[in-house]
Amino acid sequence: MSIVRCGPENLGHDFHQIKLAGINSASIGIFSWSALEPEEGVFDFGFVDDIMARAKRAKMAIILATPSGAKPNWMAQKYPEIRRMHSPGRNVAPLREEQCGRHNHCPTSPVYREKCQIINAKLAERYGGHPALAMWHVSNEYGAGCECPLCQAAFRQWLEKKYGGLKALNEAWWTGFWAHRFTDWSQIGMTDGSLPAMVVDRRRFDSDQMLDFFRAESAPLRAITPDVPITVNMMGTYLPLDYWRWAKHVDVVSWDAYPAYHDRPETAVTTAGRFSFAHDLNRSLKGGKPFLLMESSPGPTNWMQINRLLRPGQHRMKSLQAVAHGSDGVCYFQLRKGRGGCEKFHGAVIDHVGSEDDRMFREVAALGRELKRLGPVLGARTPAKVAIVFDWESRWMLNAANGPSAFAKDTDAAALGHYRAYWKRGIPVDLLNGDAKLDGYDVVIAPQLYMLREGFAARVERFVEKGGTFVATYLTGIANETDLVFSGGLPGPLRNVLGIRSMETDYLYDDERNEVVMRPGAPMALAGVYPAAYVCDVVRAETAEVVATYGRDFYAGGPAITVNHFGKGEAWYVAAAGADDGLLDAFHGALARARKLKRALPDCDLPAGVTAQVRQTKTGRFIFVINFNNDPVVLAFKKTRRDLLTGRAVSGRKTLPAYGALVLED
Amino acid sequence: MSIVRCGPENLGHDFHQIKLAGINSASIGIFSWSALEPEEGVFDFGFVDDIMARAKRAKMAIILATPSGAKPNWMAQKYPEIRRMHSPGRNVAPLREEQCGRHNHCPTSPVYREKCQIINAKLAERYGGHPALAMWHVSNEYGAGCECPLCQAAFRQWLEKKYGGLKALNEAWWTGFWAHRFTDWSQIGMTDGSLPAMVVDRRRFDSDQMLDFFRAESAPLRAITPDVPITVNMMGTYLPLDYWRWAKHVDVVSWDAYPAYHDRPETAVTTAGRFSFAHDLNRSLKGGKPFLLMESSPGPTNWMQINRLLRPGQHRMKSLQAVAHGSDGVCYFQLRKGRGGCEKFHGAVIDHVGSEDDRMFREVAALGRELKRLGPVLGARTPAKVAIVFDWESRWMLNAANGPSAFAKDTDAAALGHYRAYWKRGIPVDLLNGDAKLDGYDVVIAPQLYMLREGFAARVERFVEKGGTFVATYLTGIANETDLVFSGGLPGPLRNVLGIRSMETDYLYDDERNEVVMRPGAPMALAGVYPAAYVCDVVRAETAEVVATYGRDFYAGGPAITVNHFGKGEAWYVAAAGADDGLLDAFHGALARARKLKRALPDCDLPAGVTAQVRQTKTGRFIFVINFNNDPVVLAFKKTRRDLLTGRAVSGRKTLPAYGALVLED
Amino acid sequence: MSIVRCGPENLGHDFHQIKLAGINSASIGIFSWSALEPEEGVFDFGFVDDIMARAKRAKMAIILATPSGAKPNWMAQKYPEIRRMHSPGRNVAPLREEQCGRHNHCPTSPVYREKCQIINAKLAERYGGHPALAMWHVSNEYGAGCECPLCQAAFRQWLEKKYGGLKALNEAWWTGFWAHRFTDWSQIGMTDGSLPAMVVDRRRFDSDQMLDFFRAESAPLRAITPDVPITVNMMGTYLPLDYWRWAKHVDVVSWDAYPAYHDRPETAVTTAGRFSFAHDLNRSLKGGKPFLLMESSPGPTNWMQINRLLRPGQHRMKSLQAVAHGSDGVCYFQLRKGRGGCEKFHGAVIDHVGSEDDRMFREVAALGRELKRLGPVLGARTPAKVAIVFDWESRWMLNAANGPSAFAKDTDAAALGHYRAYWKRGIPVDLLNGDAKLDGYDVVIAPQLYMLREGFAARVERFVEKGGTFVATYLTGIANETDLVFSGGLPGPLRNVLGIRSMETDYLYDDERNEVVMRPGAPMALAGVYPAAYVCDVVRAETAEVVATYGRDFYAGGPAITVNHFGKGEAWYVAAAGADDGLLDAFHGALARARKLKRALPDCDLPAGVTAQVRQTKTGRFIFVINFNNDPVVLAFKKTRRDLLTGRAVSGRKTLPAYGALVLED
C-alpha cells in the first residue's frame, strides 16, 4: 500500500531497498522535464523506461507524473511568456519573473500549454499500454496567480462570459463607489483592493484558469489513455484553488499532508484535529470516495522554522490517521535524500548514507508490513450524518471584506471549532460545498458562512422543515454571490428559518471576554456559563426562542444562542464565538445526544487526544482508534473485536501506548 | 446642525429619514466623477439636480463636492500621466501605478488639472446660483506624493525658485558629504535618504504642489462663484500636508475625525485628549474661527484591526466634544451603508436594512434634536492664553533626522504631553505655527521644536522680555530651516533667552528610567521626584537657575529643569522627558497657578477624564463639560447655570453619567 | 597613535585642536570625488594640497583615501551603467538604482573602473612623493552585490572558469532537482533560491568581483607608488566579503569598529567578547601582523535605534581593547560633526560648537596622551596556541541551507561561544580559514563547520596524530565545497578521526531544553549536568569513547560528547549546543587545564568581565588588563609589574575602576 516518488537522480537506485520497505507502487517523473526534453524537441525517456521495466519486474504500480510543475531553463529563456508576472508591490504594474524555483508558469500561455500537450502526448503514447502504469499524476501541487497581459485578457473574457455586459458587472462590483465605473472592458485590471467583489472574481478566475490549464494538459492523456485514471496532488484547505470545482475533473483525489507532529509535543492533538479535518475534506471532495495520501514524510521536513525530529511511532500514527479518514494508500516524499538542492535535508525513506538501519527506514519498513494487513479496508467508506459547509468562495469573500477581524476571517479555524466537537467523540463528519444538497444528513452546520449561494436558504428551509437540524453562526448570511450585502436585514435569506435579526456585530480584542449564559430550562439540557470572545453578534429574536444570553457589556441579556422551531426541525443561531472549545463542545455534545448521532466506538469512552474513525465496506466495518497523546492511555471496551494490525482480540481494559493505534473489525 | 454625505448610489433615498434624523445639510458629489462624466466630455448631472431640488424643498444646505478625489477609469486609461508613480522599493526608479483605489492622482499633470477645471466649472455654472448651495467641498482628504517625471521637473523648478542657484542648494543640503554635490539641476532626483535636507524639501514640495493643485482646481469656483465659501476636509495632524499653509487658502476649515472610542474602553480618556488637541488645531488654523466636523461616524469604522461597537452615548459624547472645541456642525460619513465596496461595513446613519429603529439611527436622531438647542453657540470663539508651537516643517525635519529615537521624533506625543496638563484643568490652548506672533499669550510652549524659523528666537526674546513665560524642551532649537545644526552651541539662537547650553543628549531604552529631582526651595513651589525616561538632555546652566537635577547616571546632579529670568518674564528649559504625565502635570500645574491662568469652570474640580471647554460670543459664554469615562462621576458646582441641552438649571452636586455632557450657559 | 579622518568640509579646520588632542595622523579624502573632480575631467586638488601641507608642517602622517566609495552625481547621470541594479522583490528582474547614498556602484562597469583609475593615478602622481603620505586607504567599507547585465555576464564567465563545462556545473549545483538543468551558459541568472549551491557561488562571485574591482582601482597606486602600503577598511565578520581572500591583497589590515558600549549597561561584557573576537580576526587575517583600528567613535553613533551616551571612560576602554588585541593605532570617525547630512549627530572628536571643553574632546585628548606611552607595544604580536576555524564560505553555505534553524546558522555566535571560554581566561586565540595549516597549535576548534574544504579532514588527521586536540560540533562536516552532502555518513571525511556517525539532528525551540550528562569517570575530570538547547545531534559512537550522554527525549542515554583517541592526540565531538555558556566553559576550561594552555596573566584570577591579553615583541611582553564591568573590581597580583600607562608599579591587591585598564610590562 506504500508508494514512493523518485526523481531522475535516483535512476540507479537499488530496488532491493524498496522491496525491503514493503513499497508496492511509485510515483515518478515529477519535475523531470529537463531530463525528458533536454533540448526543444529532443526527447530522452531512458530513465523512465528503466524504472518502468524494473517496476514491471517487481510487480509495482507506477503513478506517472507529467512534468509541468517546473519548466526547463531553455524553455523559460526562449519563451518569456511562460514565466509568470506579478506586481512588485503597492499597485505598480506587474513585472515578469525570472526563471527560478517551480510552480510559477503562466496558466494562460498558449506556448506552455502546447509544450505540455506535446510532452504529455509522448508520455501517454509511450507508456499508455505499459503494464506498470497505474495512474497519471498530472503536474504537482498546482498554485495560482499570474498577472501577465495574456492572463489579464483571459480575465476580461472570463468576466464578459460571466456578466454578459458592463452594466451587470458595475452593479455587482458596486463600482459607483469611488468612481470606478467601467465603461470599457479594456479598463479592467486584475488588482484593485478597493473593489472586494473584483478581488473575489479574481480568485475565482485564478482557480478556474489553472483548472483550465490542468484540463488542457490532461487532454492528450484523456484521449490516448481513456482508461487510466488521473489525479492531481492537492494541498488540503489551500485557499487559492477551489478544490470543489477541481474534484469534478480528477478521477482520484490525492493530497500531500505534512502534519507537523515533529513540532512541539504539546501541539500534537491540535495538529491531529486539523489534519483529520483535511483528510475528511479530501474524502468529501468526491462524495466519500477513498482518496490517496500522495505525499508524506517519514521524518521531519526541512521547511519549518524549527525542524524537530519525529518521535518514534509518530510516522506510523499519522499514516494510519490518513487511512482512518479514507485514504487507500500511504505515499512518501521522498525516497532518498538528494545530495544537493533545496530539499536535501527533507525527510526521506532512505538517508544520504543509504543504510538500512537508519531509524526512518526501519519505521517505514515496519509500517509497510502492517499496511499489508489492511487490505480489507480498501475502498471502504465513511457513514456521516453530520456535515459542515466549507465553501471556498465564501472564504475568499470573507477574506476580502474590510471590517471583520482576523479571527472572524479565519474560516478554517471556525470550521475546525465545530468539527472538533464531533471528532473527539468519534462521530464522522462530511464537508460540503455551499451549493451542495443537504439531504441525508441529520445536522448541517454553516460556520461563518459569509456568502450564501442562490438557493442555499431555500435548501436549508426544506432541510429543516423535514426534520433536519441546522446551525448557523455570527457572520453567516451576510452577502450574496457578488458580495452585495443582503438588504432585507441580516442574516439575509436565512432570517426566516433562523427567526432572528442580526442588529450589529461587536468584535473583541483577543484578551477581552464576554459570557454566554444558558437560560434556566434551556433546550437539550444546556446549562452553565461559557466564556465568549472575538465576535459577539447583537441579535434580536423574532420567531426564535432565546436559549442563552450575553452576560456582559451593553448588550448583556440579549440573545447569544437561539433556536427556531421550523417545520419538523430546528434552526440554531450561535451568535458568539467561544473563548475556547468549551461553548461549542457543550453545544454540539448536547446536539449529538439529542439527535442520537452514532459514534464509531459506542462502547468506549475516548480519553482526550484519542479518536475513533470508522470505515465500512459491504462486508466489514473497521474502527481506527488512535492515540495522539505523548503518553499512554487506557481504554475500556465493553465489546470484543479483532485488531487487524496484530490479528489479536481486543477487549476490556487495554493500554494504548503513546502514538499507538488499533484497527478494530466490528 | 447635522450634515450628511451621500453618494450617487443613494439617489433614490428617502428624504423622510433625513428629516427624522434632524439633518439640515448635506455634502454630496464626492467621488462622483464616473457618474458626472461617464465618458470624456459627456456630462450627466441628473442625480445632483435631483438632490439639489429635494434639498431646496427640504430647506437643506448643500455642501457640494468636486469629484477629483477619485479619477474615473476612462481617464486613467486614456491619460496614464494622471496616475501617480512611486518607487517599488529600496532606491529603484519609480514605476507607474495601476488605476485603483482613490487619492492617487498626480498633482502636477496638466491633463488632470484641466479635467478638474472643466468639471468644476460645469458644477459652478450649473449650481452657483442654486438656493441650496451653501459651500464648496473641494476634492476629498488630499494626500501627497508622486514621483513621476512631471513632478520631478516641478520639484526642480520649486528648488530653483527657492535656492536661486546650485551653490546655495549644495550648501543648504550639505552635499559635500558623500560626494553628492549637484552640478546640474537635472541631476536632482526626489529621493535620497542620505540627504535629510532634501527629504524635508521634498516634503515641503509635496505639500505645496498638492496645495497648488487644490488652488488650480478651485480657480473656476473662485471665478464663477466668488461668494460661495470653499472648504477642504483635512485630517488632523496628518504629516504630509502643512495645514498651516493650506488654511490660508480655504475659507472654512473642516476635518474628518474618527476618534476610536469604539476601541478598548480603557483608552477612552487618552483618545479624548488626542482628539481635543486635533479639534483645537483645526480651530487654530484660521486664528480661532469656528471649523466644521466634516466627517464622523455614528458607529464603528471598518478599517480598524478590531472594530468594537460604539457604546450607547459615545456618539453623542464625541459630537459634543467637537462642538466644545470650536466646530459649528456635526457631519456624518456616511448616510447609508453601501451594499458593496470596501466601506460597506463602515458605520452610517442608516444601516443596509434601512429601518428606523436601528440603534445608530436612533442615536443620530436624538442628537439632532439636541444640537438644535445649541444655536446660541454658533460662531462662538475660545479665549486661550496658552499656546503650543506645533510646526509641520519642524516635525518633518526631526522625522528625517538620523539619531533621535522614535520617541524623540514623536512630536505629536510631545505636544500632547504638554497639552493634556491644560486640557484636564479646563484651560484652553491654541496651537501655533513656528512663524506665528506670540503676542497676547501668557505662556508659549515649544516642545521638541527641533527646527527654529528665522526670527523665532528674537520673537521669543521680545515675548519674554515683556513678561511672557516661554517653555522649551530637549530637542528644541537644534537646526535652522535647511537642517543645518546651529554652530554657536545648542539650543542655538535660544541659548541666550534660555540661559543654558545643551552639551549632549542621552536617549534611553523604553524600560530605562532616570529621575528629575526638584531642588529645595524651587520656584513655583515645585517639589518632589519624578521619573524621567526616553530623552535626557545633559545641560550646562549659563545664566539660568537650576530648578531640578537628574537623580541618576553619570550626569546625576546636572540640571534637569532650569529657568532663566529674562526681562519681565521667564524662559524654562525642561531637559528630560517624563516617564509618564507626572512631570509635565506638576510643572504646568504650578505654572497655571503661578500665572493665574483662567479655567473654563473655575468653581468646580474636574475629576479625571472630565473636561471643561469654553466658547464665547459677544453675548454669551458656554461651558462644555464632558465625561469621557465609562462610569458616572459626581461634580460639585458652586455656581448655578443653565444647561442648554436640557434647559434645566445645574448647581450643587450633580451626577454626570458615563459619556454624559452639559453645555452650561455662564 | 591617534588618527582622524576629515572630509573636504573641514578644510579650514583649526589644526590647533588636532594637536591638542594628540592626533598624529589623519585619513583624508574619503567620499571626496565631487570635490576632487567637480566636472568630468576637471580636477581640483586644492583642499588636499592644503591639508597635506599643514600635515607636513605638523609632522603628521596622512592616510590618503581614494574616492570611489561614493560616485559623483554627474557621473551617475552620464553613465547609468555605474549604478547598481537589484531586483525589487520576489523573483522579478533587476531594476537600476537611482543615484543616492553611497557604496552602491557596479563592481564590473568598465566605465567606473576607468574613472577610478584616472583619479587614483592623479592622486598617486600628485602625492606619491609627498613626505606626509603614509598609506593609501582605498575606497571605503566595500560592500557587494549588483545584478546588472555586466555583472551577470561576469558571473557566467566566473562560473565557466570555475567549472569548465555545464556538465560539471549541473552536477555541482544538483540542477536535476526541479528541472533546472542548464543547457547553455546564457540561461544562468544570478538568483534562484531553490539552488543553494548557486546562492553560494553567487556569494563567492560577489566577493571576488568586488575584490577584483579593488585590485583594478589599486593598480595605478601599485604602479606609481610601489612603496606606499595599501589598506582597505574592513568590517569585522561582515558576511558578504571573504576577508581571508581580501587580506592577501592588502598590505595592512584595518577595520571600523563601533562596539555599542553606549547601549544597555548590562550588555557591556557580551559586547566586549564580540569585539575582542573581531579584533583577533583582523589580527589573524594576515597571520598575526598588527592591524589598524581605522574608525572608531569617541561618542555614540547615530544609527542605533536608541543612541545612549558613552559613559565616561568607555571610549578609553574600547580604544585600549583594540590595541590589546593587535591594533597599532586608534583612529576616529569623525573629526568634527558636520552641520548637515545624515551623520551630523554621529560622535566626533569635535562637536558642532567646536569648543575644547566638551566631554568627548577631553576624553580623546586624555587618551592621546596615554597612547603616546604605548610606543614599545608597536609591532608586537600575540602568541596563540588555540585556533578556531572561521570560514566565510562555510558560513555562506550553512546560511543558504534549508533546514537548520536560525540558531544553527549563526556561525558567529557559535564561534563566539567557544571563543569566550578562552577569552575570559586570558588565553589568546587565533582565527583560521578552512584551508589553513593547523601546525603549531595545541587546540583547533571547528564549530558548526558545515562545509569541509578538500583536504581539511586529512590535515585534521595529521594534526591529531601528532598530538593535537581537535574539537568538532554538531553541523560540522556536512557538505563538500559545492554543497553536496557527504554520502559516506556524516560527518563525512571527519567520521574517521572523530570515530562517530551522526544519525539525525534534532532542532529545539528556543525555550526547550535537553541535558548533557557527564559520565562517571569522564576524561579531564568533566562532571555534572549541563542544560542543552537549540541543536541536539543524535550520534552513534563508532571508535570514540562516550564522555557525556543526553538526559532527555527519546535519544536520552545516547552520546552527547565523545572523544576519539587517534594517534597521539584526541578528537572531540560536542553533539549538543549548550543552553548558556556553562557547557562550553566547563569543556574548554577542562581542556585548557589538561593541555596546560598558557594564560596572559597566570598569577591573577580574572573576575567576570575582566580580560587579559598579551602582545609581545622581541624585547618585551605586554599584558593588557581591562575591566569591562560597570563597577570596580579588585585584582590580586602575585607578581610586580610596571603599568605603561602610568609608569607605576602594580602588585598585590589593586582596584581597577569601572572601564579601567592596565598595560603591564611583564
Side-chain angles (χ1 to χ4, degrees), chain A residues 7-9 31-36 38-39 67 69-74 76-77 84-89 92 94-102 104 263-264 299-309 311-312 337-346 351-355 358-360, chain C residues 87-95 171-184 186-197 400-407 478-479 482-490 501 503-510 512 534 536 538 553-555:
Chain A
E9 67 277 14
F31 303 132
S32 62
W33 207 328
S34 72
L36 297 176
E39 289 175 55
K71 48 199 170 2
N73 290 326
W74 60 259
Q77 182 185 38
R84 200 169 50 181
M85 290 179 73
H86 71 260
S87 166
V92 302
L95 300 176
R96 184 75 64 188
E97 290 186 11
E98 302 224 81
Q99 163 73 343
C100 68
R102 57 172 188 169
N104 48 15
D263 201 12
R264 294 175 172 278
T301 57
N302 73 329
W303 43 259
M304 294 177 62
Q305 222 181 347
I306 299 291
N307 293 294
R308 294 227 51 177
L309 289 175
R311 285 168 288 283
K337 288 183 182 173
R339 287 191 61 201
C342 61
E343 295 194 329
K344 60 182 174 294
F345 296 122
H346 189 292
D351 208 335
H352 298 106
V353 70
S355 78
D358 280 323
R359 189 167 67 93
M360 282 187 210
Chain C
S87 167
R90 213 159 43 95
N91 302 330
V92 302
L95 300 176
E171 278 167 21
W173 284 10
W174 204 255
T175 57
F177 192 74
W178 293 1
H180 282 302
R181 198 160 289 163
F182 293 98
T183 55
D184 192 279
S186 64
Q187 290 159 6
I188 303 178
M190 292 191 91
T191 49
D192 185 352
S194 65
L195 291 172
N402 304 99
S405 62
F407 174 91
I478 308 298
T482 60
D483 201 17
L484 296 180
V485 175
F486 293 119
S487 54
L490 300 182
R501 195 187 137 209
M503 304 304 289
E504 40 186 353
T505 305
D506 202 11
Y507 297 98
L508 279 62
Y509 279 90
D510 286 2
E512 294 178 324
Y534 310 113
C536 293
V538 180
D553 220 319
F554 72 87
Y555 43 89

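The figures here come from the full heavy-atom set of this structure, side chains too, leaving out hydrogens, waters and symmetry mates. Chain identifiers are assigned alphabetically (A, B, ...) following the order of the sequence lines, protein sequences preceding nucleic acid strands; residue numbering begins at 1 within each chain.
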### Query
Which pair of non-hydrogen atoms, one from C/G488 and one from A/V353, has the smallest distance, and what is that distance?
C-CG2, 3.8 Å
### Task
State plainly whether the residues C/R501 and A/D358 are in salt-bridge range, i.e. N to O under 4.0 Å.
yes
### Query
With C/D510, which residues qualify under side chain to side chain contact (heavy atoms under 4.5 Å, CB included), at least two apart?
C/Y534
### Task
Using a strict 4.0 Å threshold on nitrogen-to-oxygen distance, state whether C/D506 and A/R311 make a salt bridge.
no
## Note on the structure
With chain A, the option among C/W178, C/F486, C/Y507 that has the most non-hydrogen atom pairs under 4.5 Å is C/W178
### Task
Check each atom of C/E512 against the heavy atoms of chain A and say whether the ones under 4.5 Å are side chain, backbone, both or neither.
side chain
### Message
Which heavy atom of C/H180 sits nearest to which heavy atom of A/G101, and what is that distance?
### Response
NE2-O, 2.5 Å
### Message
Please determine whether side chain to side chain contact (heavy atoms under 4.5 Å, CB included) holds for the pair C/T505 and A/F345, giving the CA-CA distance in whole Å, both sets of side-chain angles, and the decisive distance to 0.1 Å.
### Response
CA-CA 10 Å; C/T505 305; A/F345 296 122; over 6 Å; no
### Task
Just give me the residue among C/D184, C/L195, C/L508 that pairs up with chain A most often, heavy atom to heavy atom, under 4.5 Å.
C/L508
### Query
Between C/D483 and A/R339, is the closest basic N to carboxylate O distance under 4.0 Å?
no
### Task
Compute both the distance and the angle, then confirm whether A/R308 meets the cation-pi test with C/Y509: under 6.0 Å from the six-membered ring centre, within 45 degrees of the axis.
no
### Task
Identify the two heavy atoms, one from A/L95 and one from C/P88, that lie closest to each other, and give their separation to 0.1 Å.
CD1-CG, 4.3 Å
### Task
Check whether A/S355 gets within reach of chain C through its side chain, its backbone, both or neither, counting any heavy atom under 4.5 Å.
side chain
### Message
Using side chain to side chain contact (heavy atoms under 4.5 Å, CB included), reason through C/M503 and A/R359 one step at a time and then give a plain yes or no.
### Response
CA-CA 8 Å; C/M503 304 304 289; A/R359 189 167 67 93; over 6 Å; no
### Message
Has A/H86 got a side-chain atom pairing as donor or acceptor with C/V92's backbone, closer than 3.5 angstrom?
### Response
no
### Task
Among C/A172, C/A179, C/G89, single out the residue with the greatest number of heavy-atom pairs under 4.5 Å to chain A.
C/A179
### Message
Counting heavy-atom pairs under 4.5 Å with chain A, which one of C/T183, C/L490, C/T175, C/V538 comes out on top?
### Response
C/T183
### Task
Looking only at non-hydrogen atoms, find the nearest pair between A/C342 and C/P196 and report the distance.
N-CD, 3.8 Å
### Query
What do the steps show when you test A/E98 against C/T191 for side chain to side chain contact (heavy atoms under 4.5 Å, CB included), and what is the final call?
CA-CA 8 Å; A/E98 302 224 81; C/T191 49; 3.8 Å; yes
### Query
With a 4.5 Å limit on heavy-atom distance, are the side chains of C/F554 and A/L309 in contact?
yes
## Note on the structure
Of C/S87, C/A93, C/A401, C/G189, the largest count of non-hydrogen pairs under 4.5 angstrom with chain A goes to C/A93
### Task
To the nearest 0.5 Å, tell me how far A/N104 CG sits from C/S194 OG.
8.5 Å
### Query
Can you check whether C/N402's main-chain N or O pairs, donor with acceptor, with A/N302's side chain at less than 3.5 Å?
yes
### Task
Please determine, by modelled atom types, if C/S405 and A/Q305 share a side-chain donor-acceptor pair under 3.5 angstrom.
no
